[in-house]
Amino acid sequence: GVDGAKCLSESIKNLNCLTSLNISSNDIGADGAKHLSESIRSLNCLTLLDIGDNKLGDDGASHLSESIKILNSLRSLDISWNNLTEEAKEQLKVLAKEMKFDIECP
């Protein structure tokens, strides 16, 4: 949940060599995504982020998008099953195309 995302955010912010982060199916919601987005900005080597099935909604996806924009190493993002509107999905797909990473966002 949100508390777990907050703890995880504190734990990972100095792991700048982390390449893969899978936190799927943890129900972090939009608030958890906000905490996480603050920390992933420092993960310069992150190539894979799986945050699927976390009830992010459009607000959570928006928080993450801002951080993802500076993750030049990202190659794969799974943000599926997060109750996103078609508009939010399309914005993420455009971002993925611009930054040249694969996205799972059905």
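Quantities reported herein were computed from a predicted structural model and do not represent experimental measurements.
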Worksheet item: Between NZ of K97 and CD1 of I103, what distance do you get to the nearest 0.5 Å?
Response: 13.0 Å

Fill in: side chain to side chain contact (heavy atoms under 4.5 Å, CB included) partners of S76, counting only residues at least two apart
L48

Worksheet item: Going by an N to O cut-off under 4.0 Å, is there a salt bridge joining E86 and K89?
Response: yes

Worksheet item: Atom CD of E104 and atom CG of L92: how far apart are they, to the nearest 0.5 Å?
Response: 12.5 Å

Fill in: Salt bridge present between E10 and K13 (N-O < 4.0 angstrom)
yes

Worksheet item: Mind checking whether N14 and S42 have side chains closer than 4.5 Å, heavy atoms only?
Response: no

Item to complete: Could you grab the distance from atom NZ of K93 to atom CD of E98, nearest 0.5 Å is fine?
Response: 15.0 Å

Practice prompt. Give, for atom CD1 of I40 and atom CD1 of I68, the distance between the pair rounded to the nearest 0.5 Å.
Written response: 5.5 Å

Response to the item:
Separation between CG (N54) and CD1 (I28), nearest 0.5 Å, reads 4.5 Å

Worksheet item: R75 and T47: side-chain donor and acceptor closer than 3.5 Å?
Response: no

Worksheet item: Are any side-chain N or O atoms of N82 and backbone N or O atoms of I51, one a donor and one an acceptor, separated by less than 3.5 Å?
Response: yes

Worksheet item: Hey, what do you get for NZ (K34) to OG (S62), rounding to the nearest 0.5 Å?
Response: 11.0 Å

Fill in: L21, L15, T19, N16 screened by side-chain contact (heavy atoms from CB on, under 4.5 Å) with L46, the one that passes
L21

Worksheet item: Do N72 side-chain atoms and L74 backbone N/O form a donor-acceptor pair below 3.5 Å?
Response: no

Worksheet item: Quick one: are I12 and L36 in side-chain contact, heavy atoms under 4.5 Å?
Response: yes

